Peer 1: 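I have a structure here, written as structure tokens, and I will follow up with some questions on it.
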Amino acid sequence: MATAKAIFFLGVALLSCSFIGASRALETRRSLLLPILNNGPQIFDVTKFGAVADGETDNIDAFRAAWGAACKNSTTEAKVLIPEGTYRIAQTMFAGPCSSPKPITIEVIGTVIANTDPSEYVSPEWFTFEDIDGLVLTGTGVFDGQGAAMWPFNDCKRTKNDCAPLPASLKFNKVNNSMVTGITSLNSMQFHFHIHGCSNVSLSNLNITAPGNSPNTDGMHISSSYMINVSSSVIGTGDDCISIGHSTTNLTIHNITCGPGHGISVGSLGKRPEERSVNGVSVTNCTFVNTTNGARIKTWIGTVAAEVKNITYEGIIMKDVQNPVVIDQSYGSGLSIVPSTSVWKISDVHFRKIKGTTVSNIAVSLQCSTRNPCQGVEVADVDLAYVGPLNTTFLSSCLNAKAIFGGILNPPPC
Ligand SMILES: *[C@@H]1O[C@H](CO)[C@@H](O)[C@H](O)[C@H]1NC(C)=O
Ligand SMILES: *[C@@H]1O[C@H](CO)[C@@H](O)[C@H](O)[C@H]1NC(C)=O
Ligand SMILES: *[C@@H]1O[C@H](CO)[C@@H](O)[C@H](O)[C@H]1NC(C)=O
Ligand SMILES: *[C@@H]1O[C@H](CO)[C@@H](O)[C@H](O)[C@H]1NC(C)=O
Ligand SMILES: *[C@@H]1O[C@H](CO)[C@@H](O)[C@H](O)[C@H]1NC(C)=O
Ligand SMILES: *[C@@H]1O[C@H](CO)[C@@H](O)[C@H](O)[C@H]1NC(C)=O
Ligand SMILES: *[C@@H]1O[C@H](CO)[C@@H](O)[C@H](O)[C@H]1NC(C)=O
Ligand SMILES: *[C@@H]1O[C@H](CO)[C@@H](O)[C@H](O)[C@H]1NC(C)=O
Ligand SMILES: *[C@@H]1O[C@H](CO)[C@@H](O)[C@H](O)[C@H]1NC(C)=O
Ligand SMILES: *[C@@H]1O[C@H](CO)[C@@H](O)[C@H](O)[C@H]1NC(C)=O
Ligand SMILES: *[C@@H]1O[C@H](CO)[C@@H](O)[C@H](O)[C@H]1NC(C)=O
């Protein structure tokens, strides 16, 4: 992170004396001085700062210069524009705070592709947006993480407890009061979106796509953030469509289509002792298609007590989902630790109005901790049809769950 920041400032400083030809430098100066048209934001087009849309040239200096000019050097509302074309770029940070008036907009029309040389990444993110109050990231463009080149370097399967994470495509760190809409994130190396330490950010109309067998390509990982709203997006990846990490509160997820993928998961939680409670997650009107899990809460056994509470999954459609409703408090420990002795406590959880089809005969699985039995888990109107291999019993399975069942129930309650 520190290195990326240092490079950022170096990038801005280099602008006036870099390899940009003399005539282009003149052109840049002139366009910077163009009068601002009408009342819209002033446009900082990356190509005016030397970006080349040939898919080959590394555009890091140009992107940093455009961001620097818009965020740090503009006195009017500013928009960084990434126009039509394919722009290759290595690890980049767009850092605030901005001195330009809120919001600062980044509009992506073209395709931005990641550098695939692992040695170019000093920390696990490709683009970082940091310390920004009032960011709008929008457009019809694509962030292509070119993950296929990096997935072979993912060692998380082999070294489960200590893997070196590959870069997330789009990291938002301490970004507040912001909006992300429209863009496509393709084939991230690891997470597509990583939202951390943010508040009041709304993400909508996104297309997040990676193959179902790509490793740890979570559509979105959200942690230590509050008032995040994810809606109206299509997410298909090789891991959780959305995973909800520790210290997340007041998160709403609405109208998401998930699949392929591992579902929308609260957790995993408790792997590290510093992980704190998750409180207030609402997942409504979502559709899961051919996912390994649907609505899932997963905690490790853990060492420091914390809680998961006030979680609602409601109005969910399952299509050929393997494990539609899951609480798993033995996550990460293999099947040997059953029943779980997790120090995490789960309460006030609602699975309501869930219908569709499942390919697993245990469609509702609530495996809570012996030490902390779940409290106030409601399962109501969960009406699923079993479409897996025939001649098995279709059932719910509960351990230390004290679940409250109601309404139409298929499979039958525990
Ligand atoms: C910052 O703005 C000043 C005055 O508007 C201009 O002369 C200078 O080139 C700008 N610097 C950058 C890095 O955009
Ligand atoms: C964002 O909000 C957090 C918590 O409210 C605050 O600590 C941080 O300074 C804010 N960041 C910006 C860039 O405003
Ligand atoms: C949330 O952010 C939006 C800008 O995206 C802003 O208009 C709104 O006032 C913010 N809400 C709160 C509660 O700060
Ligand atoms: C998402 O983007 C991919 C790649 O650009 C495209 O093939 C797919 O059709 C898009 N999906 C939606 C729902 O827009
Ligand atoms: C979430 O965002 C969507 C789309 O921007 C909006 O319609 C909805 O009202 C928001 N929900 C909440 C709870 O903020
Ligand atoms: C749900 O999301 C899709 C995009 O996936 C969008 O086309 C549709 O309008 C959204 N529906 C509602 C009711 O917001
Ligand atoms: C969560 O939202 C509720 C209702 O909007 C609000 O009262 C509460 O302060 C919020 N809590 C956090 C931690 O954001
Ligand atoms: C429960 O979480 C929702 C957000 O999902 C929030 O609006 C509500 O205020 C929370 N309720 C309590 C009692 O914390
Ligand atoms: C949720 O989905 C149901 C059924 O698809 C629909 O009737 C309802 O209007 C949706 N609610 C919202 C808030 O989009
Ligand atoms: C379901 O997912 C599996 C594994 O990701 C895949 O092999 C299969 O083709 C998918 N089926 C459908 C109908 O999409
Ligand atoms: C169904 O399974 C039971 C026990 O596993 C077996 O005895 C029975 O023959 C099976 N029935 C059919 C039609 O395969």
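Counting convention: from 1, in listed order, for ligands and their atoms alike. The shown structure was predicted, so the numbers you read here are calculated from the model rather than taken from an experiment.
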Peer 1: Does atom 9 (O) of ligand 2 have a protein non-hydrogen atom under 4.0 Å from it?
Peer 2: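 It does not: no protein heavy atom is found less than 4.0 Å away from atom 9 (O) of ligand 2.
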Peer 1: Classify the ring geometry between Trp126 and Phe143 as parallel (under 30°), tilted (30 to 60°) or perpendicular (over 60°).
Peer 2: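 Ring orientation, 0 to 90° scale: perpendicular.
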Peer 1: Going by the order shown, which atoms of ligand 8 are within less than 4.0 Å of some heavy atom of Ser282?
Peer 2: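 Ligand 8 atoms under the 4.0 Å threshold to Ser282: 5 (O).
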Peer 1: May I ask you to identify the nearest protein heavy atom to atom 5 (O) of ligand 2, giving residue, atom name and distance to one decimal place in Å?
Peer 2: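 That would be Tyr226 OH, 3.2 Å.
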Peer 1: Tell me whether the rings of Phe94 and Phe129 are parallel (<30°), tilted (30 to 60°) or perpendicular (>60°).
Peer 2: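 Ring orientation of Phe94 relative to Phe129: perpendicular.
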Peer 1: Out of Leu135, Asn177, Val180, who gets a non-hydrogen atom closest to atom 14 (O) of ligand 3?
Peer 2: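 Heavy atom nearest to atom 14 (O) of ligand 3 belongs to Asn177.
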Peer 1: Counting each atom of ligand 8 from 1 as listed, which ones have a heavy atom of Val281 under 4.0 Å away?
Peer 2: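 Listed by number with element, the hits are 5 (O).
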Peer 1: Among protein heavy atoms, which sits nearest to atom 13 (C) of ligand 3, and what does the distance come to when rounded to 0.1 Å?
Peer 2: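 The protein heavy atom lying closest is Met227 CE, 3.9 Å.
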Peer 1: Any idea how Phe351 and Tyr313 line up, ring-wise: parallel (<30°), tilted (30 to 60°), or perpendicular (>60°)?
Peer 2: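 Answer is parallel, since the angle falls under 30°.
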Peer 1: Would Lys79 and Asp45 pass as an ion pair if we require N to O under 4.0 Å?
Peer 2: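 Between Asp45 and Lys79 there is no salt bridge, as every charged N stays at least 4.0 Å from the carboxylate O atoms.
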Peer 1: Enumerate the atoms of ligand 8 whose separation from the nearest heavy atom of Asn310 is less than 4.0 angstrom.
Peer 2: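 Answer for ligand 8: 1 (C), 2 (O), 3 (C), 8 (C), 10 (C), 11 (N), 12 (C), 14 (O).
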Peer 1: Side chain, backbone, both or neither: which applies to Val175 and ligand 2 if a contact is any heavy-atom pair less than 4.0 Å apart?
Peer 2: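 The answer is neither.
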Peer 1: Protein heavy atoms: any of them under 4.0 Å from atom 2 (O) of ligand 3?
Peer 2: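 Looking at atom 2 (O) of ligand 3, one finds that a protein heavy atom does lie closer than 4.0 Å.
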Peer 1: Is a salt bridge present between Lys174 and Glu130, judged by a nitrogen-to-oxygen distance below 4.0 Å?
Peer 2: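 No.
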Peer 1: Can you tell me if Asn250 contacts ligand 8 (heavy atom of the residue under 4.0 Å from the ligand)?
Peer 2: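 Yes, Asn250 has a heavy atom closer than 4.0 Å to ligand 8.
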Peer 1: For Asp131, counting its heavy atoms only, list the atoms of ligand 2 lying under 4.0 Å from any of them.
Peer 2: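 Near Asp131, the atoms of ligand 2 are 13 (C).
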Peer 1: With respect to Asn410, which candidate in Thr358, Asp381, Asp383 satisfies the side chain to side chain donor-acceptor pair (under 3.5 Å) definition?
Peer 2: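 The side chain to side chain donor-acceptor pair (under 3.5 Å) with Asn410 is passed solely by Asp383 among Thr358, Asp381, Asp383.
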Peer 1: Can you name the atoms of ligand 2, numbered from 1 with element, that are less than 4.0 Å from a heavy atom of Asn176?
Peer 2: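 Listed by number with element: 1 (C), 2 (O), 3 (C), 8 (C), 10 (C), 11 (N), 12 (C), 14 (O).
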Peer 1: Give the atoms of ligand 2, by number and element, whose distance to some non-hydrogen atom of Ile132 is under 4.0 Å.
Peer 2: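 Near Ile132, the atoms of ligand 2 are 13 (C).
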Peer 1: Check contact between Thr312 and ligand 8, using heavy atoms of the residue and a distance below 4.0 angstrom.
Peer 2: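 For ligand 8, residue contact (heavy atoms, under 4.0 Å) with Thr312 is absent.
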Peer 1: Among all the protein's non-hydrogen atoms, which is closest to atom 12 (C) of ligand 3, and how far away is it?
Peer 2: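 So the nearest neighbour among protein heavy atoms is Asn200 ND2, 3.4 Å.
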Peer 1: Do NZ/NE/NH1/NH2 and the carboxylate oxygens of Arg296 and Asp328 come within less than 4.0 Å?
Peer 2: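 No, this pair does not count.
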Peer 1: Could you go through the disulfide (SG to SG under 2.5 Å) check for Cys398 and Cys414 one step at a time?
Peer 2: CA-CA 6 Å; Cys398 306; Cys414 314; 1.8 Å; yes
Peer 1: Can a side-chain donor-acceptor contact be found between Asn207 and Thr209 if the only test is distance below 3.5 angstrom?
Peer 2: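 Side chains of Thr209 and Asn207: pair found under 3.5 Å.
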Peer 1: Looking only at heavy atoms, is any part of Leu251 under 4.0 Å from ligand 8, and if so is it the side chain, the backbone, or both, or is it neither?
Peer 2: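 Contact part for Leu251 vs ligand 8: backbone (N, CA, C, O).
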Peer 1: For the residue pair Thr284 / His254, report whether a side-chain donor-acceptor contact shorter than 3.5 Å exists.
Peer 2: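 A donor-acceptor contact under 3.5 Å links the two side chains.
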